Amino acid sequence: MQPLETNHDARWRIALLNGLNMSNLGNRDKNVYGTVTSLQELESLVADSGQLVGATINPYHSNHEGDLVDFVEADTTYDGYLINPGGLWAFGEPTRIALTETGKPFVEVHFANIFATGNRSTFTQTAAGTAMGFRHHGYIGALVALVSALEEREGEATT
């Protein structure tokens with residue numbers, strides 16, 4: 001899938017991965033998932049925000065873990081990743097390993113605070129950071145933090 005909006009001035013290429021059950025956003029509990037009515041709306045929100053911080057966003061969604069792994073392994077030129085593993089948070093070890101093996105930072109995003117339910121995500125152990133409990137706003141916070149970290153890392157590499 002090509003980026004929703006091509007930002008020719010973008011310094012960063014970020015893959016936005018959404019896993020299991022994310023295609024059902026418009027039908028989920030508004031108290032947890034907020035006012036976003038579809039996965040496409042969420043992807044557009046992140047793509048538009050990406051343009052503001054100098055990033056091109058390439059969204060990818062699958063309800064099948066192998067597809068997510070294939071996507072990550074097929075193109076290693078991304079600068080970083082945002083991932084909402086959806087239902088994979090508890091057992092998505094292959095996806096987590098694929099992301100870790102890229103050597104690029106990834107930020108785990110969840111609409112709800114899964115830790116508040118007593119659950120732990122397999123992704124958290126190697127993620128650069130997590131954003132959870134802020135509904136769709138967490139994606140924007142995660143994107144800004146990821147781009148800031150990439151810029152800081154680039155600055156350190158040149159000094």
Side-chain angles (χ1 to χ4, degrees), residues 1-7 9-65 67-69 71-72 75 77-90 92 95-96 98-100 102 104-117 119-153:
M1 176 180 278
Q2 295 299 313
L4 293 177
E5 304 262 342
T6 301
N7 183 356
D9 298 326
R11 290 179 63 192
W12 308 108
R13 289 185 70 230
I14 308 292
L16 169 61
L17 306 175
N18 281 290
L20 281 62
N21 305 327
M22 295 304 297
S23 55
N24 198 26
L25 273 180
N27 301 316
R28 299 179 88 174
D29 182 349
K30 300 278 188 249
N31 293 319
V32 175
Y33 294 94
T35 58
V36 173
T37 60
S38 68
L39 181 58
Q40 293 74 26
E41 182 182 343
L42 175 66
E43 292 171 345
S44 293
L45 172 68
V46 177
D48 291 346
S49 300
Q51 288 203 9
L52 297 174
V53 296
T56 297
I57 306 300
N58 187 3
Y60 183 76
H61 164 262
S62 181
N63 284 321
H64 307 281
E65 184 170 26
D67 292 345
L68 292 167
V69 172
F71 178 89
V72 171
D75 184 351
T77 64
Y78 287 104
D79 298 300
Y81 302 85
L82 298 176
I83 182 169
N84 184 333
L88 289 175
W89 63 265
T95 304
R96 184 194 66 78
L99 286 167
T100 302
T102 67
K104 308 291 176 60
F106 72 91
V107 179
E108 179 183 14
V109 183
H110 294 279
F111 278 76
N113 180 354
I114 63 169
F115 288 1
T117 64
N119 294 304
R120 296 288 180 256
S121 170
T122 187
F123 290 83
T124 306
Q125 63 186 305
T126 54
T130 59
M132 59 178 75
F134 295 105
R135 297 178 289 197
H136 58 284
H137 306 294
Y139 281 79
I140 307 310
L143 173 63
V144 170
L146 178 57
V147 167
S148 296
L150 289 168
E151 289 176 353
E152 185 175 276
R153 179 188 286 183

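What you see is a predicted model, and the numbers here were worked out from it, not measured in a lab.
Here the shortest heavy-atom pairing between Pro85 and Ile83 reads CD-O, 3.5 Å. Heavy-atom minimum distance, Val147 versus Ala55: CG2-CB, 4.1 Å. The nearest pair of heavy atoms linking Val46 to Ile57 is O-CG1, 3.6 Å. The minimum heavy-atom distance between Ser62 and Asp67, with the atom names listed, is OG-OD2, 3.0 Å. Nearest heavy atom pair, residue Val107 against residue Ala142, reads CG1-CB, 3.6 Å. Pairing each heavy atom of Gly92 with each of Thr122, the nearest pair is N-CG2, 3.6 Å.
Annotation: side chain of Phe123 is not in contact with side chain of Thr130 (no heavy-atom distance under 4.5 Å). Between Val36 and Arg135, every side-chain heavy-atom pair lies at or beyond the 4.5 Å cut-off. Asn84 has its side chain out of reach of Leu42: every pair of non-hydrogen atoms, C-beta onward, lies at least 4.5 Å apart. For the pair Asn58 and Asp75, the minimum side-chain heavy-atom distance is 4.5 Å or more. At a threshold of 4.5 Å between non-hydrogen side-chain atoms, the residues Leu17 and Phe106 do not count as touching. Side-chain contact between Arg153 and Pro105: present, with at least one pair of heavy atoms (C-beta onward) separated by less than 4.5 Å.
With Tyr60 as the partner, the ring-ring contact (aromatic ring centres under 6.0 Å, His included) test is satisfied by one option alone out of Tyr81, Phe71, Tyr78: Phe71.
Between the Ser44 side chain and the Glu41 main chain, no donor and acceptor come within less than 3.5 Å of each other. Side chain of Lys30 to main chain of Gly26: a donor-acceptor pair is present (N/O by atom type, distance under 3.5 Å, no hydrogens or angles). Not a single donor-acceptor pair under 3.5 Å links the side chain of Arg96 to the backbone N or O of Gln125. Looking only at distances, a side-chain donor or acceptor of Asn63 sits under 3.5 Å from a matching main-chain atom of Asn21.
Side-chain N/O atoms of Asn27 and Asn24 include a donor and acceptor closer than 3.5 Å. Looking only at atom types and distance, the side chain of Asn18 has a donor-acceptor partner in the side chain of Tyr139 under 3.5 Å away.
In this structure, His136 and Phe111 have tilted ring planes: the angle between them lies in the 30° to 60° band.
Note: Leu146 CG to Leu82 CG = 5.5 Å, rounded to the nearest 0.5 Å.
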